[in-house]
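The block underneath contains the structure these notes are about, expressed in C-alpha cells.
Residue numbers start at 1 and run along the sequence shown. In this text the structure is predicted, and so the values were computed from the model without any measurement.
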Amino acid sequence: MRLRLGSLLLLTMVIFGGAVSAAYGQETDDQAKIDIYTRFYQNRDNNKTVAYQAARDYLAKYTKDKDQYVDFLQKWIAVYESDERKRMLPGLINEKNFQEAYSTGARILAAEPDYLRAQIDLGYAGYIALSSNNTTYTTEALGYARKAIAAIDAGKVPNEWAPFKGKDDTLAYLNFAVGYMTLKTAPDQAIDNFIKAANYESDIKKNPRTFYALAAAYESGPYKSQSAAFQQMYGDKPETPASKAALEKVNVLIDRIVDAYARAIALATDPSMAQSKTAWMTQLTNYYKFRHEGLDTGLSEFVASALSRPLPPKP
C-alpha cells in the first residue's frame, strides 16, 4: 500500500497550529515509515501517550532524514514533554518528592523562564520541605517565591490559581512561605512577609501559626537586638533622655509581640492546639506583665478582643 505521507503531515500541522513550506505530495514505499507515522497521526489527539511513543520510534529510525516530518515530530515531542512536566510537577510536590520536583521545575523554567505556575509551585514547595526540616531547597525556593510575588504584583496571572483560591490567597501563602523560610536567617525581613500574608483575605489570616510566627520573628529579630543594645548601653545606669527613648523603642516591640501572641491564642480554638496555646499564653503573660507593672489585669479581655483590632504595622 502506498500512502501520501505528506497528506498526514499537512493535517497534523494544521491541528498543531504550524505550517510547512515543503511539498505535501511526497510519496514513500517504506511501509514501516508509513505505519509509524500513521500510528502517531491517529493517536495525536485522543491517546497522546501512544502518539508520543510513535513519534519517538519514528525519530529513532528516521532522524537522519532531516526533513519536514522529522522537524515537525521533534517540535511535537518538545511540546508534549513540556506539557507532561507541567502536569507532573504538582503531584511530585504533593508526594514530597522534592528532588524530582525541583529538577522538573528547572527544566520547565529553562524552556519558559516566565512560567508563573511553576514559580508559584516551587516557591511554596520550599515551605513544605522546610516544614519537614528539609533545608536543601530553601534558597532556590525563596528565589522562585519572590519572583512569583513580584510577577503577580505586576499584574501577571498564571494559567490557573489552583490549588489556591485566587490572587489574594496565592499572595498570602507565598508571603507566608517567604517569611517562614527566612525566619531563622533574616527575622527582621520575615516580619514584613508575615504582615503582608496576614493582611490578605485568606486562610492564612485565620491560622494561629501565622501570628505565632510573627511573634517569633519580632522576638528573634528586632527585639533581641534592640534589647541587647539597651542593656549594653544603659543597663544598671541612671535614666537619661536617651535611655528613656531607647527603652520606649524596645517597649513598642514588646507591644507588637504581645499583640501577635494574643491573636495566635484567640485563633487557637482547635483542641489539637492546646499544648501550643498553653506555651504561647506563658510567653504572652510574661511580656504583658512587663508592660503592666507585673500585673496581668485585663489580659483575658485583651486576648478576647485581639481579632477586632487592626494588625499593627512594623515599627
Side-chain angles (χ1 to χ4, degrees), residues 127 131 165 168-169 171-173 175-180 182-184 186-231 234-235 239 241 243-315:
Y127 159 71
S131 297
K165 297 175 182 177
D168 285 359
D169 195 49
L171 287 170
Y173 275 92
N175 273 287
F176 178 81
V178 171
Y180 189 88
T182 56
L183 180 56
K184 289 185 178 181
D188 196 85
Q189 295 177 25
I191 292 169
D192 296 321
N193 290 104
F194 287 136
I195 290 176
K196 286 179 182 178
N199 276 307
Y200 289 108
E201 292 301 326
S202 78
D203 290 340
I204 288 289
K205 189 175 185 176
K206 305 169 188 175
N207 191 326
R209 298 195 183 279
T210 300
F211 298 99
Y212 165 67
L214 178 59
Y218 273 121
E219 284 180 303
S220 61
Y223 171 71
K224 181 179 180 180
S225 60
Q226 290 191 34
S227 61
F230 178 86
Q231 288 299 324
Y234 306 112
E239 184 179 81
S243 69
K244 188 175 181 180
L247 179 60
E248 182 55 32
K249 289 183 178 180
V250 174
N251 285 339
V252 169
L253 292 170
I254 293 175
D255 290 342
R256 294 295 192 273
I257 296 169
V258 166
D259 179 87
Y261 271 122
R263 291 173 190 275
I265 292 165
L267 288 166
T269 57
D270 192 299
S272 65
M273 300 204 68
Q275 187 173 354
S276 295
K277 187 173 182 178
T278 298
W280 298 343
M281 193 66 192
T282 298
Q283 288 289 87
L284 171 59
T285 302
N286 291 334
Y287 285 117
Y288 187 90
K289 284 183 175 181
F290 181 83
R291 293 289 286 129
H292 293 83
E293 300 179 346
L295 302 175
D296 64 0
T297 305
L299 178 56
S300 297
E301 293 77 9
F302 182 83
V303 172
S305 63
L307 301 179
S308 66
R309 297 186 295 272
L311 181 66
K314 180 182 178 183

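By the 4.5 Å heavy-atom criterion applied to side chains, Val178 and Lys196 are not counted as neighbours. Looking at heavy atoms from C-beta onward, Pro187 lies out of side-chain contact with Tyr223 at the 4.5 angstrom threshold. Residues Ser276 and Arg209 meet the side-chain proximity criterion, which asks for heavy atoms closer than 4.5 Å. Using a 4.5 Å heavy-atom threshold, the side chains of Pro222 and Asp188 count as touching.
Summarising the geometry, atom CD1 belonging to Ile254 is positioned 8.0 Å from atom OG belonging to Ser227; distances are rounded to the nearest 0.5 Å. Atom-to-atom distance recorded for Asp255:CG and Phe290:CZ is 10.5 Å, nearest 0.5 angstrom. Taking CG of Leu295 as the reference point, atom CG of Leu299 lies at 11.5 Å (rounded to 0.5 Å). Remark: Lys205 NZ to Leu311 CG distance equals 9.0 Å, nearest 0.5 Å. Once rounded to the nearest 0.5 Å, the distance linking CZ of Phe194 with CG of Leu214 reads 7.5 Å. Between the OH atom of Tyr261 and the CH2 atom of Trp280 there is a distance of 9.0 Å, given to the nearest 0.5 Å.
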Residues 266-275, side-chain donor-acceptor partners within the protein, below 3.5 Å, at least two apart:
| from | atom 1 | to | atom 2 | distance (Å) |
| --- | --- | --- | --- | --- |
| Asp270 | OD1 | Ser272 | N | 2.8 |
| Asp270 | OD1 | Ser272 | OG | 2.7 |

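Formation of a donor-acceptor pair under 3.5 Å by the Ser243 side chain with backbone atoms of Glu239 is not found in this model. Remark: the backbone N or O of Leu171 is paired with a side-chain donor or acceptor of Asn175 at under 3.5 angstrom. Listed for the Thr282 side chain is a donor-acceptor partner under 3.5 Å among the backbone atoms of Thr278.
What you find for Ala216 and Leu183 is that their closest heavy atoms are C-CD1, 4.2 Å. In this structure, Ile195 and Lys314 approach most closely via the heavy-atom pair CD1-N, 3.7 Å. Of all heavy-atom pairs between Phe176 and Thr210, the closest is CE1-CA, 3.8 Å. In terms of heavy-atom proximity, Ala190 sits nearest to Gly179 at CB-O, 3.4 Å. Of all heavy-atom pairs spanning Tyr173 and Asp203, the tightest one is OH-CB, 3.6 Å. Taking both residues in full, the closest heavy atoms of Ala198 and Ile204 are given as N-CG2, 4.5 Å, listed atom of the first, atom of the second, then distance.
Between the side chains of Tyr212 and Gln283, no donor-acceptor pair is found at a separation under 3.5 Å.
For the pair Arg256 and Tyr287, the NZ or CZ position fails the cation-pi test of under 6.0 Å to the six-membered ring centre and within 45 degrees of the ring normal.
Ring planes of His292 and Tyr288: parallel class, angle under 30° (limits at 30 and 60°).
Within a 6.0 Å radius of CD in Glu293, other residues, nucleotides and ligands contribute 12 heavy atoms or fewer.
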TODO: Check the pair Ile265, Phe211 against side chain to side chain contact (heavy atoms under 4.5 Å, CB included), reporting the backbone distance first and the verdict last.
DONE: CA-CA 9 Å; Ile265 292 165; Phe211 298 99; over 6 Å; no
Task: CA sep, side-chain torsions, deciding dist, call: Leu284, Val303, side chain to side chain contact (heavy atoms under 4.5 Å, CB included) - done: CA-CA 10 Å; Leu284 171 59; Val303 172; 3.6 Å; yes
